[in-house]
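Bear in mind that the values here come from a model prediction, so they are computed numbers and not experimental data.
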Amino acid sequence: MYGSSPSSLTANGSDSKKQRLDEAPPSRVLHIRKLPSEVSETEVIALGLPFGKVTNILMLKGKNQAFLELGTEEAAVTMVNYYAAVTPQVRNTPVFIQFSTHQELKTDSALNQRAQAVLQAVCAVQEGGSPSSDPGLIDCLAPPPSPVLRIIIDNMFYPVTLDVLQQIFSKFGTVMKIITFTKNNQFQALLQFSEPVNAQQAKLSLDGQNIYNQCCTLRIDFSKLVSLNVKYNNDKSRDYTRPELPAGDGQPPGDSGHAKDSSSLLGTPSGMAYPSSMSAGAISPLSAAAAAAAAAGRVALSGHSGVSGVLLASNLNEEMVTPQSLFTLFGVYGDVQRVKILYNKKDSALIQLSDSNQAQLAMSHLNGQKMYGKVIRVTLSKHQTVALPRDGLDDQGLTKDFNNSPLHRFKKPGSKNFQNIFPPSPTLHLSNIPEDVTEEDLRLLFSNAGGSVKAFKFFQDHKMALLQMGAVEEAIQGLIDLHNYDMGGNHHLKVSFSKSTI
């Protein structure tokens with residue numbers, strides 16, 4: 001087994017070869033072994049950048065090895081000494097670094113063109129300039145300024161949670177703390193590693209990458225902060241070094257923040273330690289369990305999952321269920337395109353959403369919920385699409401095409417609806433309420449849908465309200481019956497599940 005210090009590093013082969021490696025004098029060329037097979041040039045370069053100028057690289061992918069040339073012998077010695085105490089890891093795999101017997105790298109530019117191009121691009125980004133034509137002139141001396149990264153998510157078509165961020169960034173080192181918040185209507189996070197070198201590696205490898213297919217793009221910079229102060233462990237902030245921290249009183253809060261930040265239904269967790277220069281309007285993404293289900297197989301640069309966007313819902317109440325009711329309920333988690341209740345098995349239906357991400361989100365939230373008195377089962381279907389009945393064929397209204405429905409919640413890129421996706425809960429969020437509608441009107445409306453209204457609260461100048469039903473099943477029924485309900489005066493009530501309590 002290889003050790004982590006240079007003196008204990010050995011290679012396969014004869015004793016004489018082992019002796020030569022152990023006694024290799026300091027050199028500005030380092031030999032890196034046991035790399036993961038899928039490693040990129042950028043990740044190898046990231047190992048050396050914190051210690052000074054990286055002037056050349058040679059990848060030996062067939063052997064899972066690489067050579068890295070630093071600008072000075074002093075920088076190489078510093079790097080070897082550092083990694084003797086802290087085992088270097090690439091993609092959660094320990095790698096082995098030692099001095100090479102070469103004093104400089106002479107690389108065939110034709111064979112090593114990609115690695116050279118990556119080196120130039122990486123160093124240019126570090127300098128904030130444009131790539132130099134001569135890698136020997138590239139200076140990447142700037143050490144990582146902080147273990148804290150500032151992360152902005154562009155094209156956030158799906159919720160990104162604190163747990164998803166931890167899963168992605170922990171590949172590069174120990175994640176100690178995370179704070180999430182909203183600034184300028186964008187979801188952002190501050191994430192603190194145990195070491196600045198880990199932050200450097202994560203930034204180099206992840207900046208510009210997509211979390212989910214073709215969306216949720218990571219924009220990463222170093223923060224001016226060198227440490228984060230986290231007071232609560234909840235779905236907006238986490239200190240992994242202090243599991244004993246409380247979740248926070250009234251988390252998520254019922255009162256604070258509603259009128260102050262229209263971009264966020266829930267406002268700010270009280271007492272959250274945000275830097276004063278930042279807006280603290282926090283969104284509440286999915287719960288950890290739902291995030292894990294929703295993100296399965298497609299987190300962190302995984303490419304297309306190949307999963308269908310069609311769901312099979314079974315154990316439905318065939319006396320009550322309609323394509324419209326399924327469209328409304330499943331439409332909370334994605335844009336439903338078509339619904340088909342099966343002709344020979346009317347307690348089952350196929351539901352086609354816009355894509356597999358939305359389908360997995362809906363499945364993770366709705367499987368096991370009660371609809372019209374029955375616990376429904378939701379699974380991914382083997383079908384890729386839902387077929388419409390042939391022209392002229394009457395299927396008794398069991399199939400409906402919603403492709404052009406004006407009620408799709410997620411058709412508009414960047415819609416605030418993406419920030420307010422929650423599991424079914426007894427509390428409903430109501431919006432688009434006309435000025436002349438009273439609390440009594442709304443209590444009566446939802447009581448007539450079935451069930452009892454336990455609590456109610458207006459906010460946002462009576463344009464919005466929270467309404468708590470007696471049970472989750474009653475809230476599901478209320479949402480199905482009253483989402484898009486015509487309140488008169490061209491006001492159609494908007495209903496969604498809330499994470500708040502009243």
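- Relative ring orientation between His31 and Phe67 is described as parallel, the plane-to-plane angle staying below 30° on a 0-90° scale split at 30° and 60°.
- Contact record, Leu70 with Gly48: CD2-O, 4.3 Å, taken as the closest heavy-atom pair.
- Taking all atoms of both residues into account, the shortest heavy-atom contact from Val160 to Cys216 is CG2-SG, 3.9 Å.
- In terms of modelled atom types and a separation under 3.5 Å, the side chain of Asn64 and the main chain of Leu35 share a donor-acceptor contact.
- Ala189 approaches Leu165 most closely through the heavy-atom pair CB-CD1, 3.6 Å.
- Relative ring orientation between Phe497 and Tyr333 is described as parallel, the plane-to-plane angle staying below 30° on a 0-90° scale split at 30° and 60°.
- In this structure, the salt bridge (Lys or Arg N to Asp or Glu O under 4.0 Å) partners of Lys370, at least two apart in sequence or on a different chain, are Glu473.
- Judged purely by atom type and a 3.5 angstrom limit, His429 has no side-chain atom pairing as donor or acceptor with the backbone of Ala465.
- Looking at heavy atoms from C-beta onward, Asp239 lies in side-chain contact with Asn233 at the 4.5 angstrom threshold.
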(request) Give the intermediate values and the outcome of side chain to side chain contact (heavy atoms under 4.5 Å, CB included) for residues Leu316 and Leu326. (result) CA-CA 10 Å; Leu316 301 169; Leu326 291 169; 4.2 Å; yes

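- Qualifying ring pair (Phe, Tyr, Trp, His ring centres under 6.0 Å) partners for Phe193, counting only residues two or more places apart in sequence or in other chains: none.
- Checked by atom type and distance alone, the side chain of Glu474 never pairs as donor or acceptor with a backbone atom of Met469 at under 3.5 Å.
- Put simply, the side chain of Asp335 gets close to the backbone of Phe410: a donor and an acceptor are under 3.5 Å apart.
- Here the side chain of Ser237 pairs a donor or acceptor atom with the backbone of Tyr232 at under 3.5 angstrom.
- The minimum heavy-atom distance linking Thr42 with Leu204 is given by the pair CG2-O, 3.5 Å.
- Side-chain atoms of Gln358 do not come within 3.5 Å of backbone N or O of Leu353 as any donor-acceptor pair.
- A pairwise comparison of heavy atoms in Leu218 and Asp207 identifies O-OD1, 3.5 Å as the closest pair.
- In this structure, Gln200 CD and Phe222 CZ are separated by 4.0 Å, a value rounded to the nearest 0.5 Å.
- At a cut-off of 3.5 Å, with distance as the only test, a side-chain donor of Gln186 or Asp154 sits close to an acceptor on the other residue.
- Checking Leu329, Val472, Val332 one by one against Pro424, the side-chain contact (heavy atoms from CB on, under 4.5 Å) holds for a single residue, Val472.
- Of all heavy-atom pairs spanning Val321 and Ser325, the tightest one is CG2-OG, 3.8 Å.
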